[in-house]
Structures are given as structure tokens and as C-alpha cells.
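Step one of this worksheet: look at the structure below.
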There are 2 protein chains.
Amino acid sequence: MDLGKRKQMILQAIVEDYIATAEPVGSRNIAKNHDLGLSAATIRNEMADLEEMGYLDKPHTSAGRVPSQLGYRFYVDSLMHRYSATVEEIENLNTALHQRYVNLNSVVSVVSDIISKITKCPTVMTLPAVNSAKVVNVKMLMIEKNLALIVVVLDGGSVRNKKVKVSGNITYRQVDAISDFLNSQLAGLGAKDIDESRIMLIYGAMGQYKDFLKVVLDFVLECLQSNITEVYVGGASNILNHPEFCDIDRARDFLRFIDNRENATKVLSLTNGGDSDVKIIIGDEAGLEEMRDTSIVLANYHAGGILSGKIGVIGPTRMDYARIVSSLETINAQLEGILTAVFYNEE
Amino acid sequence: MDLGKRKQMILQAIVEDYIATAEPVGSRNIAKNHDLGLSAATIRNEMADLEEMGYLDKPHTSAGRVPSQLGYRFYVDSLMHRYSATVEEIENLNTALHQRYVNLNSVVSVVSDIISKITKCPTVMTLPAVNSAKVVNVKMLMIEKNLALIVVVLDGGSVRNKKVKVSGNITYRQVDAISDFLNSQLAGLGAKDIDESRIMLIYGAMGQYKDFLKVVLDFVLECLQSNITEVYVGGASNILNHPEFCDIDRARDFLRFIDNRENATKVLSLTNGGDSDVKIIIGDEAGLEEMRDTSIVLANYHAGGILSGKIGVIGPTRMDYARIVSSLETINAQLEGILTAVFYNEE
DNA sequence: GTTAGCACTCACTTCACCCGAGTGCTAACG
DNA sequence: CGTTAGCACTCGGGTGAAGTGAGTGCTAAC
């Protein structure tokens with residue numbers, strides 16, 4: 001039971017009008033504003049059909065029609081025209097994006113704020129995570145008496161460090177020696193390469209420092225395994241721009257939900273089954289009670305095969321999908337360069 | 001013109017009732033609920049006086065009275081009883097606080113969320129900043145061909161690093177030598193010790209690496225000077241718990257304001273002239289248009305003389321000052337231990 | 001100085017009413 | 001037979017009048 005050309009045109013008109021005005025759209029308005037060559041009455045008949053087929057909803061008898069979740073889905077999959085950003089828009093975006101970033105952390109917060117601003121919607125974004133994880137370099141330095149600093153450099157270049165107390169009688173020189181040895185043993189290895197036998201080998205060679213080595217090895221493993229995808233929520237208050245959230249209770253429910261890091265993470269890990277780079281999840285497709293009336297446009301971003309992360313823009317189901325998808329695509333294109341630059345300059 | 005005992009009692013009753021109910025309080029209710037031994041009529045007279053003196057406001061003729069900003073100020077300065085947390089409350093707090101923290105960053109986000117939860121108000125909090133800044137250790141290591149990692153350890157123990165491209169022909173050994181030399185020159189110095197003459201001395205000794213040295217020195221200075229007080233906003237949506245923000249426009253204005261990092265920073269850098277550890281800033285004392293109807297309870301936190309930062313709880317001027325002050329004090333007491341522990345284990 | 005009494009004020013609620021956008025149906029038209 | 005004009009009907013939202021009740025301010029008595 002697929003939709004005829006005419007029904008599709010009408011559905012598209014309704015979805016777009018509704019996205020633009022947030023008001024239920026009536027047959028007469030479609031007849032007037034869209035040049036379909038049809039009278040209001042005809043459109044009315046088609047609308048009745050579309051409602052019966054589940055593509056439209058009626059808030060009440062004497063209001064116009066509103067797209068149902070199915071309607072949005074069909075629109076997004078089949079009717080939505082690709083909106084391409086104008087040169088001017090891209091330029092504005094570039095000037096906003098190209099600023100001095102202190103670190104990757106700040107890229108995420110700044111970029112998600114920018115996205116919020118241009119989409120007028122809350123944005124969730126994960127920190128770029130390093131894809132693979134192998135040890136490039138392990139180094140220990142004494143930074144004061146009895147306190148050593150372990151520095152672990154991972155491939156892709158992220159650097160982590162940890163301070164460790166050293167029991168009294170290990171000298172500076174010994175730490176140096178341990179450092180060099182450990183580095184020779186671990187450089188190039190990933191988490192699964194550092195197995196029981198490897199550890200035994202290390203202990204065997206430097207048994208007298210076993211306690212100290214254990215702490216270091218644990219930390220190295222933690223670095224390799226930890227995939228701390230911290231999530232940042234930008235411009236949450238933007239949800240209040242949308243008339244569907246002018247009800248204070250609904251607004252509160254949403255803001256409470258998204259204020260919670262775990263929930264934000266959940267949102268970002270959604271999928272709609274497809275494998276395209278930008279995913280659209282509409283209403284309860286998310287399977288999250290609190291997101292029943294919202295949609296999410298999700299994009300993956302990448303930088304040089306090293307870093308990757310996710311960006312999600314959250315809005316009412318009535319959100320302007322075309323524009324938001326295009327914004328995300330444009331930003332994604334810029335992001336790669338910025339991330340790589342920041343990543344290689346600082347950490 | 002100071003307030004007589006009776007006026008003070010009545011003012012206190014009004015402030016506390018209003019804080020509890022969020023409704024303008026009338027003379028009759030005070031007579032009934034507080035055992036002042038006075039009739040409603042007498043209280044009415046005193047209230048008229050208090051209004052004339054500026055301690056009370058009247059939303060309109062036929063409503064009860066509401067504390068004015070001056071009224072709150074007097075209450076906070078002179079009438080507020082110290083509320084001390086119960087053993088149970090402290091214990092609950094402790095179980096919430098004592099969890100595994102990945103780093104100082106996560107302490108801030110977790111703690112501010114906890115504070116938001118118990119105060120039912122938005123919380124702003126800065127990352128702990130290192131008080132003094134002297135170089136303890138500078139170290140460079142080659143992490144791949146042409147790429148060196150500079151590690152700077154500051155006193156207090158914060159560690160920062162940066163990757164630097166190295167022009168082709170500097171060897172691993174040479175970097176080691178530069179590293180040792182630079183460390184010997186810089187260890188123990190603060191920003192102002194690294195002056196022109198010191199830099200000349202370094203260039204003089206190792207002139208052939210001047211370009212590389214310049215990058216390293218710039219980074220060291222940046223570490224010493226930078227006081228990046230990143231700010232975290234927790235539980236912003238809590239503002240919606242308060243009836244004064246049930247108006248969607250007011251809620252939006254506030255949330256927009258606090259969503260902006262710069263504004264959050266502004267809030268935390270407020271002062272009320274006093275020097276006590278917990279400051280209360282009421283209404284337009286903040287001098288921020290958007291905070292006209294809100295108050296802020298500000299506290300400094302410290303850890304071992306090394307770290308310090310600020311916590312601010314934001315609520316309507318009608319907020320429960322006594323309870324919030326006490327909560328902040330209790331948390332502050334716990335925070336020191338947690339911060340020191342995290343700080344010395346990881347950074 | 002304190003209190004009881006009373007007239008007055010004013011936000012808030014309720015209710016009836018109307019208006020208008022929009023629908024669904026029917027009958028006529030090409 | 002699909003399309004269209006016409007018309008009765010629906011129903012949310014807006015308006016204004018009336019009623020309600022908490023609270024005040026004043027006055028006079030205790």
C-alpha cells in the first residue's frame with residue numbers, strides 16, 4: 001500500500017508547513033500556499049485517506065492535521081529535499097569554528113555550543129575517543145622524593161599520566177632503568193598483548209620492584225582499556241525555543257532528563273538500524289520514554305582515522321530535519337581539520 | 001533606625017513562612033502559626049511599619065507581605081539560625097560523595113550534581129585551581145620521530161603536557177641533554193623568575209636549539225600563568241522546581257544565562273564585600289540584570305593549601321538560605337579529603 | 001499599646017458566550 | 001468518476017461578568 005504521487009505531495013506540504021508554523025495545517029491553507037492545482041475539498045479527501053493510513057494525526061475534530069511519527073518517517077526517508085548550506089552560512093560557521101582551542105575538551109564544548117546556536121536545539125556531543133589503543137611510550141620520572149610520575153603515550157597520541165608513591169629505597173637511577181626496561185617491553189602493545197605471560201616476563205626480569213611495577217602495569221592497562229566517552233550537553237535551554245516545550249512540566253521533564261550524563265550518553269548511543277553517516281531517530285523510535293515527543297539527528301565525526309565521536313541534535317519531532325542534517329554535515333566537514341590540528345598540538 | 005525585638009520576630013516569621021510556602025504571608029497566618037502572643041491586628045500594624053521601612057513588599061493591596069531584598073539581607077545577616085546537618089544527612093552525603101573519581105574534572109561534575117540534588121538548585125563550580133605555580137620538573141621525551149612531548153610538573157603537583165614538532169636533525173640524545181639542562185635551569189622557578197636574563201642565559205648555553213627552546217619556554221610560561229578556571233554547571237534544570245520560575249519566559253531567560261560559561265564564571269566571581277567563607281548575594285546585589293530575582297550562596301573550597309575553587313548555589317531570592325549554607329559547609333568539609341586523594345593519585 | 005470589627009481591595013476562578021478555523025458530507029459539475 | 005462548491009457541525013480559545021476569599025487599613029473600644 002504505497003502512497004500515490006499526489007498523496008506524497010500533500011504529505012510533504014503538511015510536514016513542511018507544520019515544521020514552519022507549529023500549527024496544525026488545514027486543507028484550505030495547503031490549497032492556497034502550495035500550487036498543487038487542487039481544491040481544498042480534494043485535499044481534504046486525501047488528508048482523510050492519509051490519516052486513515054496513519055501518516056497524519058488530528059489533535060481534535062476541528063483542527064487541521066499534524067504529521068504522525070510515521071508521517072515524519074516517510075518524509076525523512078522519501079520526501080525531504082537535501083538542503084545545501086549557502087556559501088554565506090558556511091563562511092559564518094567557519095569564522096565561528098576557527099578560534100583558539102585549548103584542548104580537545106574545549107573543542108567539544110565550543111563546537112556543541114555553536115551547533116546549538118545554529119540549530120536552536122540542544123546538542124549532545126562526546127569527546128573524541130581514540131580508536132585503537134597501543135602503547136607508544138611509557139616513561140617514569142621522579143618528581144619529588146618518593147613520588148614518581150608515570151607518563152603513558154598512546155598511539156594516536158593521547159597522553160595520560162599518574163602519580164605514584166614509591167617505597168623509600170628506589171633511587172632515581174633505578175627508576176630510570178625500570179622506565180627504559182618497561183618501555184622496551186610495552187612499546188607497540190595493545191591491551192590484549194599485555195597478557196599473563198608478558199607480565200610474568202617483566203616481573204621475572206625486575207622482581208625486586210614488583211609492587212611498583214604492578215601499579216604501573218595496572219595504570220597502563222587502564223589507559224589502554226578505558227574508553228571514557230565523556231559527554232557534553234550544549235545549549236540545553238534551547239529546547240525552550242520550541243512551542244511544544246512551552247509547557248513548564250514538559251520542559252522540566254526534558255531538561256531533567258538531559259541534564260543527567262547517563263541519559264545524554266544513552267541518547268548518543270541510539271541507532272536506527274541504518275548505517276548512513278547521519279541518522280534520524282524520531283519520537284519513540286528511541287525507545288526512551290522521555291524522548292517520546294522529540295527527535296534526534298545523530299552524526300558520527302572522525303578525524304584522520306584516529307579520533308571519532310558522536311554529535312546529536314535534539315529537538316521536537318517537528319524539528320527542521322533538512323536544515324539540521326545539512327548543518328551537521330557542514331560542521332562535520334570542518335571538524336576533522338580542527339580536531340587533527342588541536343590533537344597534534346596539545347593534549 | 002534599628003528594628004525592635006518584636007519587629008525582628010515578625011520579620012523572621014514572614015521570611016521563614018515565605019521561604020517555606022512561596023505564598024505572600026498574611027497577618028492572620030503569622031498570629032496562628034507562630035506563638036508570638038500577638039493578635040493579627042497588632043502584627044498587621046508592625047507589618048505596615050516594616051513595609052514602610054523597606055523590609056517588606058506587597059505584591060498588591062489585598063495580598064499578604066513578601067520580604068524585600070532588604071528584608072532577606074537583614075534575615076541572613078541577623079536572624080537566620082544556623083541549621084546544622086543531622087548525622088543522617090551527613091552520612092547520606094558521605095555515601096554519595098565517596099565513589100571512585102577518575103580525575104579532578106569528574107570530582108567537580110559529580111560533586112556539583114550532588115549539591116544540586118540536595119539543594120534542589122542549580123550549582124556552579126570551578127575546577128580546583130593550583131594556588132601557587134612553580135616549576136618542579138620539566139622533561140622532554142621523544143614520542144616519535146620529529147615529535148617530542150614536553151611534560152611540566154608544577155608544584156602542588158599538577159602536570160601538563162604538550163606535543164611539539166622537532167625539526168629534523170635533533171637526536172634523541174640531544175633532546176635528553178636539553179631536557180636535563182632546562183630542568184636544572186627552571187626547577188623551582190615561578191613565572192616572574194623566568195625573566196629576560198634567565199632566558200638569555202638559556203639561549204646562550206644552548207643557542208643552536210633556540211627555536212625549539214622558545215616553544216618549550218613559552219609552554220612552561222603558559223603553564224605557570226594560565227589559571228584556566230573552567231566552570232561546570234550542574235543541575236540547571238533544578239531552577240524549574242521553584243514556583244517563581246514556572247513562567248516559561250523567566251525560566252528560559254535564566255537557563256540561557258547560566259548555560260553560557262562566561263556568565264557562570266561571572267556568577268562565581270561575585271563578592272559581597274565580606275570575607276567570610278560562605279557569602280550570600282541577594283538579588284541585584286550581584287549587579288547582573290538576569291540575576292535580579294535570584295540569590296547565590298557562594299563558598300570557597302580548599303584542599304591542603306594546594307587547591308582551591310568556588311562553589312555557588314543559585315536559587316530564587318526565596319531560597320532556603322539556612323539549609324543551603326549548612327549543606328555547602330558540610331560538603332566543603334568532606335571535599336578537602338576527596339580532592340587531596342584524587343589529586344595525589346591521578347591528574 | 002492592643003485588639004475586635006468592618007468596609008474595602010483585588011487577584012483568581014468560573015461560567016456562559018461567541019468566534020472562527022477546520023472538518024465531513026452531500027450534491028452538482030465537467 | 002474524479003473534482004469541486006456548499007453547508008452544517010465541531011470544538012478550542014478568547015472575552016467579559018459575576019462571585020469568592022484572603023488580606024489590608026482604619027476606627028473605636030478595651
Q: Specify the separation, in whole Å, of atom CD1 of A/I43 and atom P of C/dA21.
A: 17 Å
**Q.** Under 3.5 Å side-chain donor-acceptor pair for B/S39 and B/T42
**A.** yes
Would you be so kind as to tabulate the donor-acceptor pairs closer than 3.5 Å made by side chains of residues 112-121 of chain A, with sequence neighbours excluded?
from, atom 1, to, atom 2, distance (Å)
A/S112, OG, A/V108, O, 3.0
A/S112, OG, A/S109, O, 3.3
A/D113, OD2, B/R261, NH2, 3.0
A/S116, OG, A/S112, O, 3.1
A/S116, OG, A/C121, O, 3.2
A/S116, OG, A/T123, OG1, 3.1
A/S116, OG, A/G234, O, 2.8
A/T119, OG1, A/I115, O, 2.7
A/T119, OG1, A/C121, N, 3.3

Q) Does B/D57 pair with B/R65 as a salt bridge, N-O distance under 4.0 Å? A) no
Q: Return yes if some donor-acceptor pair links the side-chain N/O of A/R292 with the main-chain N/O of A/D284 below 3.5 Å, else return no.
A: no
(Q) Just to be sure I understand the rule, does B/N45 reach a base, reach only the sugar-phosphate, or reach nothing, if contact means heavy atoms closer than 4.0 Å? (A) base
**Q.** Opening and closing nucleotides of DNA chain D in contact with chain A, under 4.0 Å to non-hydrogen atoms
**A.** D/dT3 to D/dG12
Q: Take atom CG of A/N29 and atom P of C/dG20, then tell me their distance rounded to the nearest Å.
A: 16 Å
Q: For B/R65 and C/dT9, give me the distance from atom CZ to atom P, rounded to whole Å.
A: 17 Å
Q. Atom CG of A/N33 to atom P of C/dG22: distance rounded to whole Å?
A. 10 Å
Q | Salt bridge A/E244-A/R250, side-chain N to carboxylate O under 4.0 Å | A | no
Q) Shortest non-hydrogen contact from A/N332 to A/A299? A) ND2-CB, 3.9 Å
Q) Got a sec: does the CZ of A/R73 have more than 12 other heavy atoms crowding it under 6.0 Å? A) yes
Q | Nucleotide pairing, DNA chain D (Watson-Crick or G-U, distances under 3.5 Å), in dot-bracket with [ ] and | | A | ||||||||||||||||||||||||||||||
Q) With a non-hydrogen cut-off below 4.0 angstrom, is B/T42 in contact with a base, only sugar-phosphate, or nothing? A) base
Q: Specify the separation, in whole Å, of atom CG of A/D17 and atom P of C/dA21.
A: 16 Å
Q) If you pin A/S27 and B/G37 to their nearest nucleotides in DNA chain C, which one's is more 5'? A) B/G37
Q. Roughly how many Å is it from CD in A/E23 to P in C/dA21, rounded to a whole number?
A. 12 Å
Q) Should we count CZ of B/R28 as having more than 12 external heavy atoms under 6.0 Å? A) no
Q: Can you measure from OH (A/Y55) to CD (A/E46) and round to the nearest 0.5 angstrom?
A: 13.5 Å
Q. Hey, which of these two, A/A48 or B/L38, hits DNA chain C nearer its 5' end, going by closest nucleotide?
A. B/L38
Q) When all nucleic acid strands are considered with a 4.0 Å heavy-atom cut-off, which category describes B/A41: base, sugar-phosphate, or nothing? A) base
